[in-house]
Every structure is written in structure tokens, then in C-alpha cells.
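Scope of the values below: all heavy atoms of this structure, side chains included, with no hydrogens, waters or symmetry mates. Predicted model only: the values in this text are computed from it and were never measured. Order of the sequence lines fixes the chain letters, A, B, ..., with proteins taken first and strands second; residue numbering starts at 1 for each chain.
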Number of protein chains: 2
Amino acid sequence: MAKEATTRYAVLGMLTLEPMTGYGLREAIARTIGHFWHESFGQLYPTLRALEAEGLVRTHPLGPRSREHRITDRGRDELRRWLGTPPSSSAAHRSELLLKVFFARHAEPGAVAGLVRAHRDTLVAARERYGGLEQEIAADQSPDRPHWLATVRHGIAMVDAGIAWSEETLRTLTDEDSR
Amino acid sequence: MAKEATTRYAVLGMLTLEPMTGYGLREAIARTIGHFWHESFGQLYPTLRALEAEGLVRTHPLGPRSREHRITDRGRDELRRWLGTPPSSSAAHRSELLLKVFFARHAEPGAVAGLVRAHRDTLVAARERYGGLEQEIAADQSPDRPHWLATVRHGIAMVDAGIAWSEETLRTLTDEDSR
DNA sequence: CGAGGCATGTAATCTGTTACATGATTCA
DNA sequence: TGAATCATGTAACAGATTACATGCCTCG
């Protein structure tokens, strides 16, 4: 059955929360799993049509130009199957920032330090968002709460570690420049 | 001039270390920046030919079936330019593991905990490798040392945070299952 | 002489983004 | 009424992986 296209499962998973339109799906993804996932319309709509053709999702018209997508029992089975399979390792761990740090000696003096500083600022802003999200989820009584908390805490752990690394790196990079 | 294909710059950067064959390039990438980057032959060879056509790399025959690639002055200029540009944010932050944790309630009991355990084991092994790499780099007298140390320490910081998160998550996931 | 590593490349395919194209509904 | 938001979809393209195809060289 070919490759495991993760978009399929992100969609099936989101539809366990509630039935949604394609548009709403993208919004919901940004709102709930946006800290580690994203989907574009160009992926979403074709995927929904494919899932429908396979009987994993069924649609019901809402208006003249909108339809609701609902996960089927077979869709739930397929989701459960996938949830037990190990993540496909090919998920490229590639960091453009680290590439730039690694070769920083060949850059304009101070240029890469600027990028690290911007990186830190981005992380600090993310840290703020994640903290709020954590409070929100913690207050929620959904049966998914422990799992959702785990994902947001992953984000927090990574961001905290990234901020600490940025500060440390900034110190060594600016020492370099001033020498 | 179209999109910034990062592969180009990874190649140019590596060729600042020393001239290499395409095959050797891949090896060198795995050895030195393997903790945050990787390239496949299918990318590497066409990229090398393109860089050559643009005059950013020049080749010299070594044997009947091998040639050495050397970065040119224009190549160094282009690398320097790129090093100062902010990383293209589109670098998708997508985690299949977190997707599985997020929807774990719909999985077979214990299945996702097993994946988190495997994840932790992978990180623990990586941590060992990175620790060794850090020692190696720290002992080196290359002018690149502070930058190389920074990248490996990024790996260590992320892995350490990931291990701690895994342990914590494993506790809450197994609590769940035993309830 | 056979296995494994060195070395180069192409073709098929997948996954995903971006831009384009269209139109309904809602609210200020 | 005009702008923003909701809503669906297609087309072109970019970036990358995988498998395939080839052949030399070295060492046991």
C-alpha cells in the first residue's frame, strides 16, 4: 500500500476530535498541534478526497460550497494501526541555522551571531505561547489531556534548551568577534 | 535566481574544509555534520554539476572514474553571502512521534509508550556519540573549533532535554495504562 | 577470484509548497 | 458595498529519496 503519508494520519487524528470542513481542519491543526505540525491546503484537499475514496472518511454537505468530513470506523482502525508503528526515521533532521553556525568562520563578522540572536528571540516568543497553551490544556478535563500536555511540554523542553544554547553560543560567538 | 537550495551551501561549506570527490563529500557530511544534516547521492551529484556550471566549484580528475571538487573564489563569495541570510523558516517542524503521542488515546494500550521508550533509547545512544564527538572537537586546534563545538553542544542540549522529556512522558503514559 | 568499498550517475517517484482561480457569507 | 473570512480546489514546481545501473580497485 505504498508509503505512509503522514498527512493522512494527521487528518484522521484531527477528525477524532470532531467532524470538520477542510478549511476548519487546517485551522484546528494550527490551533492544537501547530507547535509540531502544519498542513497546506494543497496537501489537505487531495488527501481528504483520497481518504474518502478509501472509505476512511465520509463527507456530509453543510452548505452549497462546504462539507463536513467525518472519520469512519475503518478510518479509526487505520489510525490505530498507524499509531502503533514506529516513526519513519527518514524524517530529516536538518538545521539550516546549525549549518550556518558550523561554517560561521567564512561569514561576515557578526552575521551569524545576529542569526543566533534572532533565533533566540523566536524561541523566547514561542516559550511564552507554549506556557499559555500548557495552562489551557492543564485546565481542560478532556481524556486526551495527559497526551496533549506531553506534546506541549516537549515543545517547552526543546525551546528552553534552545534558549540556553543560544545564550551560551552568543557568548562564544561574540568573544570570537571581539578578539 | 529561484529558491535557496540548502544542499548547494552544505556542499560549498564542506568544500572549504578540503577538496573532495562526491562520494567523499557524502562521507564527510555524515562524519562532521551528520548530527544535524544529511545528503543523498541523488541530490549530491546533480548539485555538484550545477555548482560547476555556475563556476562556484571546479573539478580536477583524480583517476579514470573519480574527480576532486574544489571551491572557487566565487564559490566562497556565494557561501559568505548565504551565511548572512536568515534561515528560510519553511523548514517544517514536524514530529511524527509527537503526532502519535497526541493521538495516543486511540492507539492500542501501551503501543505509544513503546515508541517513546524506543525514542529515548535512540537519544541515549546519540548522547553517547555526541559526548565523544565533543571531546574530539574540544581537543582539536582548528580555527573552526568554537563553531563546531557550538553545533555539537546544540545536539547534546536537545538530546538531553529529549531524554528528560521521554522519562517524564513514559511515567505519565504508563500511569494512564495502569489505571 | 570474490567481496566490499570507492566512485559516478540517472530515472522514477513522492511529498510538499506556492500560486492561481473561484465564489459564498458575514459584518462593519 | 466592500473587506475579511470561510471554503474548495488545481497546476506548476521544488526538493529529496530510492532504486537502479555501471564499473574500478584493493585486499584477503
Side-chain angles (χ1 to χ4, degrees), chain A residues 1-11 14-15 18-31 34 36-53 57 59-69 82 87-96 99, chain B residues 1-11 14-15 19-31 34 36-53 57 59-70 82 87-96 99:
Chain A
M1 305 246 43
K3 291 284 292 273
E4 304 282 64
T6 47
T7 295
R8 292 161 54 89
Y9 301 99
V11 166
M14 291 308 293
L15 291 179
E18 58 174 335
M20 284 179 246
T21 65
Y23 187 91
L25 199 46
R26 183 161 131 120
E27 249 206 339
I29 287 173
R31 202 177 52 245
F36 63 88
W37 206 263
H38 64 101
E39 291 293 347
S40 63
F41 286 130
Q43 263 314 76
L44 228 35
Y45 285 112
T47 299
L48 281 169
R49 294 296 73 80
L51 289 172
E52 195 182 1
V57 156
T59 64
H60 308 273
L62 275 184
R65 285 183 62 81
S66 89
R67 39 178 157 167
E68 191 180 67
H69 302 79
W82 176 78
S88 65
S89 56
S90 85
H93 57 135
R94 271 176 148 185
S95 166
E96 197 178 319
L99 205 53
Chain B
M1 307 247 36
K3 290 285 291 277
E4 303 283 66
T6 46
T7 295
R8 291 161 54 89
Y9 301 100
V11 166
M14 290 307 294
L15 291 180
M20 283 178 246
T21 65
Y23 187 91
L25 198 46
R26 184 160 129 120
E27 249 205 340
I29 287 173
R31 201 177 54 244
F36 63 88
W37 206 263
H38 64 102
E39 291 293 348
S40 62
F41 286 130
Q43 260 319 74
L44 229 34
Y45 284 112
T47 299
L48 281 168
R49 294 295 72 80
L51 290 172
E52 194 182 2
V57 156
T59 64
H60 308 272
L62 276 183
R65 287 182 63 78
S66 88
R67 39 180 159 167
E68 191 180 67
H69 302 79
R70 199 176 280 268
W82 177 78
S88 64
S89 56
S90 85
H93 57 135
R94 271 176 149 184
S95 166
E96 197 178 321
L99 204 54

Pick out the pairs of N or O atoms, protein on one side and nucleotides 19-23 of chain C on the other, that lie under 3.5 Å.
{"from": "dT22(C)", "atom 1": "O2", "to": "Arg65(A)", "atom 2": "NH2", "distance (Å)": "3.3"}

Quick one: [X] [atom1] to [N] [atom2], roughly how many Å, whole number?
X	N	atom1	atom2	answer
Arg94(B)	dC14(C)	CZ	P	17 Å
Glu96(B)	dG16(C)	CD	C1'	15 Å
Tyr45(B)	dT17(D)	OH	P	15 Å
Glu52(B)	dG9(C)	CD	C1'	14 Å
Gln43(A)	dC13(D)	CD	C1'	14 Å
Glu39(B)	dG9(C)	CD	P	16 Å
Arg26(A)	dG16(C)	CZ	C1'	13 Å
His93(B)	dT17(C)	NE2	C1'	14 Å

task = Return the set of residues passing salt bridge (charged side-chain N to carboxylate O under 4.0 Å, His left out) with Arg67(A) (not counting sequence neighbours), or none when no residue passes.
result =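 So Arg67(A) forms a salt bridge (charged side-chain N to carboxylate O under 4.0 Å, His left out) with Glu52(A).
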
Using the test salt bridge (charged side-chain N to carboxylate O under 4.0 Å, His left out), find all partners of Arg70(B) that sit at least two apart in sequence or belong to another chain.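 So Arg70(B) forms a salt bridge (charged side-chain N to carboxylate O under 4.0 Å, His left out) with Glu68(B).
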
- Any side-chain heavy-atom pair of His38(A) and Arg94(B) under 4.5 Å: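 SC-SC contact between His38(A) and Arg94(B) confirmed.
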
- Does the side chain of Leu48(A) reach to within under 4.5 Å of the side chain of Leu25(A), using non-hydrogen atoms? yes

Please determine, for the side chain of Pro64(B), which listed nucleotide (dC24(D), dA16(D), dT8(D)) has the closest atom?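 It is dC24(D).
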
Practice prompt. For Phe36(A), check ring pair (Phe, Tyr, Trp, His ring centres under 6.0 Å) against everything at least two apart and list the hits.
Written response: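 Per chain and number, Phe36(A) pairs via ring pair (Phe, Tyr, Trp, His ring centres under 6.0 Å) with no residue.
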
Across all chains, not counting sequence neighbours, the ring pair (Phe, Tyr, Trp, His ring centres under 6.0 Å) partners of Phe41(A) are Tyr23(A), Tyr45(A)

For [N], take OP1 and OP2 only and decide whether either is under 4.0 Å from a side-chain N or O of [X].
X	N	value
Arg8(A)	dT15(C)	no
Thr6(B)	dA16(D)	yes
Arg49(B)	dT8(C)	no
His38(A)	dG16(C)	no
Arg67(B)	dG9(C)	yes

**Request:** Enter the distance from Thr59(B):OG1 to Leu51(B):CG here, rounded to the nearest 0.5 Å.
**Result:**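 Thr59(B) atom OG1 to Leu51(B) atom CG measures 11.5 Å (nearest 0.5 Å).
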
Separation between CD of Glu39(B) and OG1 of Thr7(B), rounded to the nearest 0.5 Å
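One gets 3.5 Å once the value is rounded to the nearest 0.5 Å.
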
Using atom names, set out every protein N or O paired with an N or O of nucleotides 1-6 of chain C below 3.5 Å, distance rounded to 0.1 Å.
{"from": "dC6(C)", "atom 1": "OP2", "to": "Tyr23(B)", "atom 2": "OH", "distance (Å)": "3.2"}

**Asked** Taking only residues two or more places apart in sequence or in another chain, which ones pass side-chain contact (heavy atoms from CB on, under 4.5 Å) with Ser40(A)?
**Response**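 Arg26(A), Gln43(A).
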
